[in-house]
Amino acid sequence: MRLSKTRWLAGLLSFSLVACPGEGPPPKADGDTGGTLIVTVPAEPSTLFPPLMSGTQGAAIVGVIFDRLAEIGDGLETYGDQGFQKRLASSWTWSTDSLSIAFTLDSLARWHDGQPVTADDVRYTFRVYTSDSLVLEQKSLLDNIDSVSVRDPRTAVFWFKRRMPRQFYDATYHMYVLPAHLLDTIPMAKLESAPFGRNPVGTGRFRFARWEPGQRIEIIADTANRRGRAKLDRVIWSIAPDFGASTVKLFAGEADFLEQLRPENLAQVARTPSLRLIDNRTLSYGYLGFNLRDSKDQARPNPLFGDLRVRRALHMAVDRERLVRNVFDSLGMVALAPAPRALIPDTAAFKQLPYDVAAARALLDSAGWRDSDNDGVRDRNGVPLAFGILIPSSSTSRQRYAVLLQEQYRAIGVKATPQVLENNAWSDAVDSHAFDAYLGGWQPSPGLVGLTQTWASRGSSNAGRYDSPVFDALLDSALTTFDPTASRRYWARAFQQIDDDVPAVWLYEQRSPVAIHRRFITKPLRADGWFVGLADWRVDPAQRIDRDRIGLGTPP
């Protein structure tokens, strides 16, 4: 996972040709096309198999290699099919009762190995995303789809259990279509370890080229793509050991793009003539999540966090405003609920727990947690009020949050211990509920449908196992009503319910400006993924540098 600057540049100049089936020699970079974008990242994804990918690095790569049936519009509208754009589907037809949608596939759509995209691929994709053999975050988002059938080789029909405002969104947004002809002989339970995850074949305007573990992942333009060749020749995710090493690559000119800049980086970008900033208003938020069940016996409530008084005390002891200013300065704001303000209706109506240290102490006293031996840590029946906070090693901001939380909890007699884990180990621990508390970040999908996945009792990514029938019912009502006014009212009540239950302390919403080399001409960044318009990014011909002139695979 380590690569010196010298080795990196040498590696850049040793690209081999990855040819497209049936194509002639790859075109040289000229005019509107050509160029190399190097994205520096502090960690690499565990897989590029779309149903199992996680993290921003994997999402970006998968998002440009694979296609959906249709793509949500820039307005992120999720009601009906308004604003959706054609991708693998060239058209779609609703049934008269609105309980099925027939998608007609583009006759020109091809996998990167040259095979046509068929309705069997769509049916197979739904089988994978809803398989019980795989632990998939998206599964709960597809609950309303009863089945997918094949009417003919070019027509896939989605059948729904009930009419919902977001049926079309459910059928298209959560699934990248997979190649059945390459995967359907592999048992579902073995897909996670299949070579496809390291050598994916998609349909997007970029195709996978290579993955050198710990060093880089490279994609190149698909010159035969029906929607047009990507304007850049290639995009490389250059893998650094941590965020600091990523910034070194950026400012040394070895990389062109870095997302999630920190406040201390902004001035340096401003002083670097070759770089510019792009504001990137993401949908992400961060939180301190509590495990509400006993990690050793999931049938029992957590001995600490199972008590609402303790959770409320731990919330009221945190000066969230000060933490945001300390960590993010002007690039953050206090989160109000498990969603960013941009997706929350009527935010002014929320009643937030106040920052009140005295009230927090009183709550812990009432719950029987007192410092009986004057060692500075509250205890009850000989058990100290102590817990660990898991943090992924790639996130410096969360590590800083953990230290600040530790200090604020110490002030009320609570011992909180930050526990930094390597990214995959952190994910494994959170997914398997093997933690006391964790610092998490989430980017909800448009339409707030993803809240069923992350916070509803049946949610596949409900790491803390929050279980509230009231919240579930309000969430269901908000998502199923066709009346926008009623929907907003249900959302407001749902957010108030989960705020009152305190399964987590909502810490921050973050503005995430990106730094990019000035020679790139970009499309506006979309809040649900900066990479959405990547295939239309291009390099100003007058500002090209050596790596922009390599072409699509011709070594210098």
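All values derive from a computational prediction rather than experimental measurement. These numbers come from the heavy atoms of this one structure, side chains and all, not from hydrogens, waters or symmetry mates.
Using a 4.5 Å heavy-atom threshold, the side chains of Pro446 and Tyr173 count as touching. Taking the side chain as every heavy atom from C-beta outward, Ser512 and Glu259 never approach each other to under 4.5 Å. Taking 4.5 Å as the limit, some side-chain heavy atom of Gln408 sits within range of a side-chain heavy atom of Leu323. Under the 4.5 Å side-chain criterion, counting only non-hydrogen atoms from C-beta, Asp371 is in contact with Asp373. No side-chain heavy atom of Glu254 sits under 4.5 Å from any side-chain heavy atom of Ile38. Within the 4.5 Å cutoff, the side chain of Arg370 has no heavy atoms near those of the Asp379 side chain. Looking only at side-chain heavy atoms (C-beta outward), Ile217 and Ile61 come within less than 4.5 Å of each other. Side-chain contact check for Asn302 versus Arg465: every heavy-atom pair is 4.5 Å or farther apart.
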Under the side chain to side chain donor-acceptor pair (under 3.5 Å) rule, what do Gln419 and Trp426 come out as? Steps first, then yes or no, please. CA-CA 9 Å; Gln419 300 169 337; Trp426 177 86; over 6 Å; no
Begin with the C-alpha distance, continue with both residues' side-chain angles, and end with the deciding distance and a verdict on side chain to side chain donor-acceptor pair (under 3.5 Å) for Ser445 and Tyr169. CA-CA 11 Å; Ser445 52; Tyr169 170 77; 3.3 Å; yes
Mind running side chain to side chain donor-acceptor pair (under 3.5 Å) on Arg166 and Thr78 for me, showing each step along the way? CA-CA 6 Å; Arg166 298 173 178 83; Thr78 57; 3.2 Å; yes
Give the intermediate values and the outcome of side-chain contact (heavy atoms from CB on, under 4.5 Å) for residues Thr172 and Ile72. CA-CA 8 Å; Thr172 57; Ile72 195 171; over 6 Å; no
Thr454 and Asn462: side-chain contact (heavy atoms from CB on, under 4.5 Å), yes or no, with the steps? CA-CA 5 Å; Thr454 50; Asn462 182 358; over 6 Å; no
Quick one, Leu292 with Asp467, criterion side-chain contact (heavy atoms from CB on, under 4.5 Å). Give me CA distance, side-chain angles, the key distance, then yes/no. CA-CA 9 Å; Leu292 304 191; Asp467 184 359; over 6 Å; no
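When every heavy atom of Lys351 is checked against every heavy atom of Gln496, the shortest pair comes out as N-OE1, 2.9 Å. Pairing each heavy atom of Leu178 with each of Thr125, the nearest pair is N-OG1, 2.7 Å. Across all their heavy atoms, Ile391 and Ile389 have their closest contact at CD1-O, 3.2 Å. Here the shortest heavy-atom pairing between Met53 and Val62 reads CG-CG2, 3.9 Å. The two atoms that bring Ala171 and Phe158 nearest to each other are CB-CD2, 3.6 Å, heavy atoms only. Smallest separation of non-hydrogen atoms from Gln497 and Ser468: CG-OG, 4.1 Å.
Taken to the nearest 0.5 Å, the CG atom of Asp436 stands 7.0 Å off from the CG atom of Leu304. The CG atom of Leu363 lies 9.0 Å from the CG atom of Leu353; values are rounded to the nearest 0.5 Å. To the nearest 0.5 Å, the span separating OG on Ser372 from CZ on Arg380 amounts to 12.0 Å. We find the OH-CG distance between Tyr401 and Leu288 to be 11.0 Å, quoted to the nearest 0.5 Å. Taken from OG in Ser393 to CZ in Arg398, the straight-line distance is 10.5 Å, to the nearest 0.5 Å. Rounded to the nearest 0.5 angstrom, Ser284 OG and Glu509 CD are separated by 8.5 Å.
Aromatic rings from Tyr285 and Tyr287 are positioned such that their centres are separated by under 6.0 Å. Annotation: Phe290 is not in aromatic contact with Tyr466 [ring centroid separation under 6.0 Å not met]. Checked against the 6.0 Å centroid criterion, the rings of Trp530 and Phe257 qualify as a close aromatic pair. Checked against a 6.0 Å centroid threshold, the rings of Trp506 and Trp455 count as neighbours. For Tyr438 and Phe435, the ring centers sit closer than 6.0 Å to each other. Residues Phe305 and Phe387 place their aromatic rings such that the two centres sit under 6.0 Å apart.
With a 6.0 Å radius and a threshold of 12 heavy atoms from other residues, nucleotides or ligands, Arg341 has its CZ atom above the threshold. Atom CG of Asn381 sits in a sparse spot, with 12 or fewer heavy atoms from other residues, nucleotides or ligands closer than 6.0 Å.
Ser246 places a side-chain N or O within donor-acceptor distance of the main-chain N or O of Val41, the cut-off being under 3.5 Å. Judged by distance alone, the side chain of His433 and the main-chain N or O of Ala463 form a donor-acceptor pair under 3.5 Å. With Arg320 contributing its side chain and Leu507 its backbone, the two residues share no donor-acceptor pair below 3.5 Å.
Remark: Arg163 is positioned above the aromatic ring of Phe482, its terminal NZ or CZ atom under 6.0 angstrom from the ring centre and at most 45 degrees off the axis. With a 6.0 Å cutoff to the six-membered ring centre and a 45° limit on the axis angle, Arg378 does not count as a cation-pi contact of Trp369. Geometric assessment of Arg262 against the ring of Phe243 yields a positive cation-pi assignment under the 6.0 Å and 45° thresholds. Both tests do not hold together for Arg511 against Phe328: distance to the six-membered ring centre under 6.0 Å, angle to the ring axis within 45°.
For the side chain to side chain contact (heavy atoms under 4.5 Å, CB included) with Thr247, the lone residue among Thr40, Asp242, Asn265 that qualifies is Asn265.
Using a 4.0 Å cut-off between charged side-chain N and carboxylate O, Arg309 and Asp307 make a salt bridge. A salt bridge is defined here as a Lys NZ or Arg NE, NH1 or NH2 lying under 4.0 Å from an Asp or Glu carboxylate O, and Arg458 with Asp143 meets this definition. In summary, Arg162 and Asp476 engage in a salt bridge, as defined by a charged side-chain N under 4.0 Å from a carboxylate O.
Side-chain polar atoms of Gln443 and Asp528 form no donor-acceptor pair below 3.5 angstrom.
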